[in-house]
There are 2 protein chains.
Amino acid sequence: MADVATEAHVSVKTVSRVVNHEPGVRPDTAERVRAVIERLGFRRHDGARLMRQGRTFTIALVVEDLANPFYSQVSAAVEREARIRQHQLITASAEGSPSRERAVIEALVDRRVDGIVVVPADESASSDAVLEASHTPIVYMDRPVRGTPRDTILSDNHGGIRSAVEHLVAHGHRNIAFFGDDPAFWTARQRRDAFIATQQSLGLPASPRVSMGPHSPSSVNDALRQWASGPEPITAVITGNNRITLAALLALRELRLPLSLVGYDDFELAALIDPPVTVVHQDPAAMGQKAAQQLFARLLGDESQAQTVVMPTRLIVRASGVRRGSPIR
Amino acid sequence: MADVATEAHVSVKTVSRVVNHEPGVRPDTAERVRAVIERLGFRRHDGARLMRQGRTFTIALVVEDLANPFYSQVSAAVEREARIRQHQLITASAEGSPSRERAVIEALVDRRVDGIVVVPADESASSDAVLEASHTPIVYMDRPVRGTPRDTILSDNHGGIRSAVEHLVAHGHRNIAFFGDDPAFWTARQRRDAFIATQQSLGLPASPRVSMGPHSPSSVNDALRQWASGPEPITAVITGNNRITLAALLALRELRLPLSLVGYDDFELAALIDPPVTVVHQDPAAMGQKAAQQLFARLLGDESQAQTVVMPTRLIVRASGVRRGSPIR
DNA sequence: CGGTGGTCAGACAACGCTGTCATGCCCGCA
DNA sequence: TGCGGGCATGACAGCGTTGTCTGACCACCG
């Protein structure tokens, strides 16, 4: 900028004015400056500019695994909201480790990102002090966190599971198994509890068949084999997330068991499996969008009390939820 | 930092030394400073630090659509490489628009990201001048770009298509259709040309059935219906990317056509479709990793000539490629 | 006891920009 | 002619750090 100023015989401030389209520059002066800028290939250093202004026009998204379709849809939605507001998005993956998440969040705070959307790895809010001290707005997604109240976007896990159970019951099932993720995850516990509660409220047999993860295809396999034989064999399965649905599909196919299935999380090819898989759809894009919008509201000065938004789920009925006579292929 | 210095009765420079673990500070002084830092909750402003040092420890990834599994896997891989090198990753989506891509890249250059990985929207290298002037290293992925030679990571489109055709021919197919993406895409043209060339070299009938996109399920539907009847009906289909594979699967199911299929791009549930879908697997994670590694090599001062790396593809044989008697369900 | 060298610490400028305030000029009006 | 006011421009400081250089102090040596 100093070089441009020298060449154009003006002060740096005038160059700054031209670059920022500030008023108060005579047209011919501006033109001269622009010509020099063009000739020298000058580009404003946003880092310096933003440092002066105290904002970075950058927000961050912290998730577990960017390759997981759930998070990649979230990421795309958040990036979109950021882009239309002229912000950049930094994505970081904590790989499910609370300590890494803490380190990642602190690094982002040190960079003075304007705000952060986090899918928290656990409920401990380990970065709370840092966030509080730095006044960095944060929005939690998918899972709540203890400690200082923060904006939180959740999915209606209870409603989702209930709709799944009710759907199966409506098709004559009474012995249903539930495969949940690692109970260390809040969502996994929510869905498990919702399953048990719904079973009770519908007057289904007690001693629910519930198996919590972490699950591998073989662990699902073992449990299925056991529960599908013996007294009161199960006739249907509910899986607690997309990965477990996949494991269950593989297991059902391998065991050639004619069980019905409702999965949690929609997936791209659910309609192409035979039979097409009935799923509880939570809308990751909508959740990401909502989270980003809430974050930007805070950035724009919204000082209202932290709020928790529960996004509805939707049961997408395909064929796998009805009573079946032949095995999943 | 000034506050800390005052409180600890030292100069800012000494605080800086402590924060950066520089030598030359007496242990008791350092301890005193650390105590004040802790008490005041001081955190170094990385923006200022990085501005002083001229590096941002940030790289960027520009893709078409973060929600597309191909790109989300790339993104996860690049982020991983960045993280293990203490860099942050900014992801941006150009939504397939060359002009938006240009704007995005220029914004990133203005932020002085240390380097950029781009899946270019077209071959025009419209940001070449800016990149050249700013000396920002760039690595192109998946598609090459004209102009200044740059590091480029490609996938072996020709080999991939050849393996698909050969596989089908080995199973007795002679009339094969090819559905490619919009020929505006370099990869789409590559795969189409490879298809035609391979057909010729294997001595298959001329007048190849080739339909280029952009494709919708219904456009695939129409073409399939036509080619599957009449003289010399096709018995197999090759699809040029994951989206088209999906469209073709839907169409084949709807039309109840007993055609064989080989798709380009693996997808998570390819093994669960009936029949399981044979695919040409290109490894997006490996490509992303390779691109990031190449970028970091440049950041570390590698001045060697720009190179183009072609990553191998692998045919994953499932059941959909053999000769079929019954329709895809 | 003066000189030498090492250790610890601070002053200052600079990174590249922008906000604030000051300055100079010209115009129009009384 | 003198003066107020608007317009175009510039000087300067400061955003929060770090690199460089200088200086105070002490120990040790001949």
Side-chain angles (χ1 to χ4, degrees), chain A residues 1-34 36-37 40-58 106-114 130 133-136, chain B residues 1-37 40-58 86 106-114 130 133-136:
Chain A
M1 199 175 248
D3 293 349
V4 174
T6 309
E7 289 278 313
H9 304 291
V10 294
S11 70
V12 285
K13 180 64 206 189
T14 295
V15 179
S16 170
R17 286 197 181 94
V18 172
V19 169
N20 295 300
H21 307 105
E22 281 176 35
V25 180
R26 230 184 322 139
D28 58 329
T29 312
E31 195 39 59
R32 199 170 72 239
V33 172
R34 269 191 292 271
V36 177
I37 286 176
L40 300 184
F42 165 80
R43 307 220 110 224
R44 182 178 59 195
H45 188 308
D46 272 341
R49 165 192 172 77
L50 297 173
M51 162 166 168
R52 187 68 236 263
Q53 311 199 135
R55 299 227 3 223
T56 55
F57 281 83
T58 305
E106 294 191 355
L108 293 166
V109 168
D110 288 349
R111 294 221 164 182
R112 304 298 192 268
V113 295
D114 293 336
V130 170
S134 66
H135 301 115
T136 309
Chain B
M1 199 174 247
D3 293 349
V4 174
T6 308
E7 288 278 313
H9 304 289
V10 295
S11 71
V12 286
K13 180 64 208 189
T14 297
V15 179
S16 170
R17 285 197 181 94
V18 172
V19 169
N20 295 301
H21 307 105
E22 281 175 35
V25 181
R26 228 180 325 136
D28 57 330
T29 311
E31 195 40 58
R32 199 169 72 240
V33 172
R34 268 192 293 272
V36 177
I37 287 176
L40 267 44
F42 165 79
R43 309 218 109 227
R44 182 178 59 195
H45 189 310
D46 273 340
R49 166 190 170 80
L50 298 173
M51 160 166 169
R52 187 68 236 262
Q53 308 198 139
R55 296 215 18 211
T56 56
F57 281 83
T58 306
Q86 321 264 41
E106 294 190 354
L108 293 166
V109 168
D110 288 349
R111 293 224 164 181
R112 305 299 194 266
V113 295
D114 294 336
V130 170
S134 65
H135 302 115
T136 308

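Every chain is numbered from 1 and lettered A, B, ... according to where its sequence line falls, protein lines coming before strand lines.
One atom, CE of A/Met51, and another, P of C/dG16, lie 12 Å apart when rounded to the nearest Å. Taking atom CZ of B/Arg52 as the reference point, atom P of D/dT17 lies 13 Å away to the nearest angstrom. Rounded to whole Å, atom C1' of D/dC15 lies 16 Å from atom CZ of A/Arg55. Regarding B/Arg17, its CZ atom lies at a distance of 11 Å from the C1' atom of C/dT7, rounded to whole Å. When the P atom of D/dC15 is taken as reference, atom CG of B/Leu50 falls 19 Å away, rounded to whole Å. A/Lys13 places its NZ atom 13 Å from the C1' atom of C/dG16, with the value rounded to the nearest Å. For the pair B/His9 NE2 and C/dA9 C1', the computed distance is 15 Å after rounding to whole Å. The separation between A/Gln53 atom CD and C/dG16 atom P is 17 Å, rounded to whole Å.
Panel note: side chain A/Arg111, backbone B/Asp46; no donor-acceptor pair is recorded below 3.5 Å. B/Thr6 places a side-chain N or O within 3.5 Å of a backbone atom of B/Ala2 that can act as its donor or acceptor partner. The backbone N or O of B/Glu22 lies less than 3.5 Å from no partner atom in the side chain of B/Arg17, so there is not a single donor-acceptor pair.
Heavy atoms of A/Val19 sit nowhere under 4.0 angstrom from any nucleic acid atom. Using a 4.0 Å heavy-atom cutoff across all strands shown, B/Asn20 reaches sugar-phosphate atoms only and no base atom.
Distance from the side chain of B/Glu22 is smallest to D/dG19 among D/dT17, C/dA9, D/dG19.
An OP1 or OP2 oxygen of D/dT9 is reached within less than 4.0 angstrom by a side-chain nitrogen or oxygen of A/Arg26. Between A/Thr29 and D/dT9 there is a side-chain polar atom (N or O) within less than 4.0 angstrom of OP1 or OP2. In this structure, B/Arg49 does not reach the D/dG16 phosphate: none of its side-chain N or O atoms is under 4.0 Å from OP1 or OP2. Look at B/Thr14 and you'll find a side-chain N or O under 4.0 angstrom from OP1 or OP2 of C/dG10. A close approach under 4.0 Å does occur between a side-chain nitrogen or oxygen of A/Ser16 and OP1 or OP2 of C/dT18.
Just one residue in the list B/His9, B/Glu31, B/Glu7 forms a side chain to side chain contact (heavy atoms under 4.5 Å, CB included) with B/Val36, and that residue is B/Glu7.
When each of B/Ala48 and B/Ser11 is assigned the nucleotide of DNA chain C with its nearest heavy atom, B/Ser11 is the one assigned upstream, toward the 5' end. Nearest-nucleotide positions on DNA chain C for B/Asp28 and B/Arg112 put B/Asp28 closer to the 5' end.
Here A/Asp3 pairs with nothing under the side chain to side chain donor-acceptor pair (under 3.5 Å) rule; sequence neighbours left out.
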